*Asks:* 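One structure, pasted below without further comment.
Lettering of chains follows the sequences in order, A, B, ..., and the numbering in each one begins at 1. Please read all numbers here as calculations on a predicted model, not as lab measurements. The basis for the numbers below is simple: all heavy atoms, side chains too, and nothing from hydrogens, waters or symmetry mates.
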Number of protein chains: 2
Amino acid sequence: MSVQERKERERARRHRLIVATARELAESQGWDAVTTRRLAERIEYSQPVLYSHFRGKREIVGAVALEGFAELAAAMRAAVGGGTGAGPGDGPGPGPGDDSGAGQGAGPGGRDRARVAALAQAYIDFAGRNPALYDAMFLLDSGLAFADEATPPPLREGFQALLDTLTGVSGDAEPGLFTEVFWSCLHGLVTLTRAGRLPPGDASRRLDLLVDRFTRA
Amino acid sequence: MSVQERKERERARRHRLIVATARELAESQGWDAVTTRRLAERIEYSQPVLYSHFRGKREIVGAVALEGFAELAAAMRAAVGGGTGAGPGDGPGPGPGDDSGAGQGAGPGGRDRARVAALAQAYIDFAGRNPALYDAMFLLDSGLAFADEATPPPLREGFQALLDTLTGVSGDAEPGLFTEVFWSCLHGLVTLTRAGRLPPGDASRRLDLLVDRFTRA
DNA sequence: CTCGTATGTCTAGCGGTGCTAGAGTTCGGG
DNA sequence: CCCGAACTCTAGCACCGCTAGACATACGAG
């Protein structure tokens, strides 16, 4: 039986190799350069082996995107620290209103603002650091399901990371909705900036303004 | 000389035909279906004539996108009416601080909110009504310059339409920056919703929340 | 150790893409 | 009427994602 295990290990190894190579190629030359032929050449196999691991190119993109979601979630967790918000793993997630809204007093507002700013900065930094990865996650068609029961764990985890931090500042709004909107704003900022639609210089000022709008009141 | 004029007219006519056909095809079957061959067949010419009008497919997408920007600008203008904001054409545009910030009193706040809401709704409606057009404008590579001196007039006009309405509610923030951020949020909302990243049901509630965040204070 | 088989990989090729060179035709001006 | 210029089309390039079928390799049974 050991021989089968060895083969399976090698297969898994090659699987990872494909994903890693696709990611590197995309990050260094853009997704347009990621063709099945080039990819096959890089991993030193012929194209058909790709199709023994993935149903098609879309699924390869999806695999890269999945890595991205996991890393993004980790980056956001790291940015806000294990601090005040509902921590990960200490329950099924915060029910709406556990440390209840209406916390718009002057006291801890500054701390909240700092945490949201750190979160947002982490998001923008991640996108800037891994543009091709971000494209795989959001721009390209990766065939991943989102707000759905089939949504893969890393995606849920990413959203949860946002939710945990933002729940505290959502005020009288439903935290889920609040998070969706804030996330959309971050995504819009990233997208338009990356596409050259916004002057690149004022990126941090725009982020400041956004965080302001979502942390006051 | 009349013959030359006639030819030029016919050429212009064919030019418009190409753009219109590309747009229809994209709107009915998606941009993937817009290939030079299909396009050529639809206009009843061979592919090479396309290249006598446009440098390549990207430029065709760009032409469609340009139409889109003009229509989007018009839709937003119509939505806010010729009302309170700085009207179009009555000067080179409002300088920052002409009817000065700090207007966060309770009085006209409601009216401002309504106008911003109408503007945002017009934007979202436009994107929903013309998904392929919106893709050409923002998702696809149309080769159009944006925040640049080479930015085509329709793009400037679209941004100006946003700016005119938002200047009044930007508070102590720079109106240009405020507009960029708000626009980004709208774009993010549209993008994520269209990609199935957000549950489609709560679209209007999300929009409400966004408008709230940008009109209070 | 040998052999049949089963697994795995590669070569070759399909229909499609954006784009272009050069042949062919049409049509206006002298 | 005929020549030349302007224009269009046929044919083809290199590349794409993807797949069928030939080929080799390595395993397990006798």
*Asks:* Whole angstrom is fine here: how far is it from CD in A:Q47 over to C1' in D:dT19?
*Replies:*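 Checked: the CD to C1' distance equals 11 Å.
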*Asks:* Which listed nucleotide (D:dT8, C:dG18, D:dC18) is nearest to the side chain of B:R14?
*Replies:*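 Closest of the options to the side chain of B:R14: D:dT8.
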*Asks:* Rounding to an integer number of Å, can you tell me how far A:Y51 OH sits from C:dC14 C1'?
*Replies:*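 Going from A:Y51 (OH) to C:dC14 (C1'), I get 13 Å.
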*Asks:* I'd like to know if A:R37 reaches the base of D:dG17 with its side chain, counting only an N/O donor and acceptor under 3.5 Å.
*Replies:*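 Yes.
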*Asks:* Would you say the rings of A:Y123 and A:H187 are close, in the sense that their centroids are separated by under 6.0 Å?
*Replies:*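 No, too far apart.
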*Asks:* Using a cut-off of strictly less than 4.0 Å, decide whether A:T36 has a side-chain nitrogen or oxygen near OP1 or OP2 of D:dG17.
*Replies:*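 Affirmative; the distance criterion is met.
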*Asks:* Measure the distance from CG on B:L50 to C1' on C:dG18 and round it to the nearest whole Å.
*Replies:*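 The distance from CG of B:L50 to C1' of C:dG18 comes to 11 Å, rounded to the nearest Å.
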*Asks:* Decide, yes or no, whether a salt bridge links A:E180 with B:R197 under the criterion of side-chain N to carboxylate O below 4.0 Å.
*Replies:*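 The answer is no: the pair does not qualify as a salt bridge.
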*Asks:* Quick one: A:H53 NE2 to C:dG8 P, roughly how many Å, whole number?
*Replies:*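 These atoms are roughly 10 Å apart.
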*Asks:* So, the side chain of A:W183 versus the backbone of A:L162: is there a donor-acceptor pair under 3.5 Å, distance only?
*Replies:*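 No, the answer is negative, given that no donor and acceptor are paired below the 3.5 Å cut-off.
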*Asks:* Contact class for A:S46 vs. all strands (heavy atom < 4.0 Å): base, sugar-phosphate, or nothing?
*Replies:*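 Result for A:S46 = base.
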*Asks:* With the threshold set at 4.0 Å, does a side-chain nitrogen-carboxylate oxygen contact exist between B:R213 and A:D212?
*Replies:*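 No.
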*Asks:* Which one, D:dC16, D:dA20, C:dT17, comes nearest to the side chain of A:R38?
*Replies:*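 Output: D:dC16.
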*Asks:* If I take atom CD in residue A:E44 and atom P in nucleotide C:dT9, what distance separates them, rounded to the nearest angstrom?
*Replies:*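 The answer, rounded to whole Å, is 14 Å.
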*Asks:* Name the orientation class of the two ring planes belonging to B:F69 and B:F138 (parallel below 30°, tilted from 30 to 60°, perpendicular beyond 60°).
*Replies:*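 Plane angle over 60°, so perpendicular.
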*Asks:* Just the rounded figure in Å: distance from P of C:dG18 to CH2 of B:W31.
*Replies:*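 Interatomic distance, CH2 of B:W31 to P of C:dG18: 11 Å.
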*Asks:* Are A:T35 and D:dC16 close enough that a side-chain N or O sits under 4.0 Å from OP1 or OP2?
*Replies:*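 Yes, because at least one side-chain N or O of A:T35 sits under 4.0 Å from OP1 or OP2 of D:dC16.
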*Asks:* Could you tell me how far apart A:K57 (NZ) and C:dT17 (C1') are, to the nearest whole angstrom?
*Replies:*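 Roughly 12 Å, once rounded to whole Å.
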*Asks:* Could you tell me how far apart A:E41 (CD) and C:dC10 (C1') are, to the nearest whole angstrom?
*Replies:*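 Those two atoms, CD and C1', are 15 Å apart.
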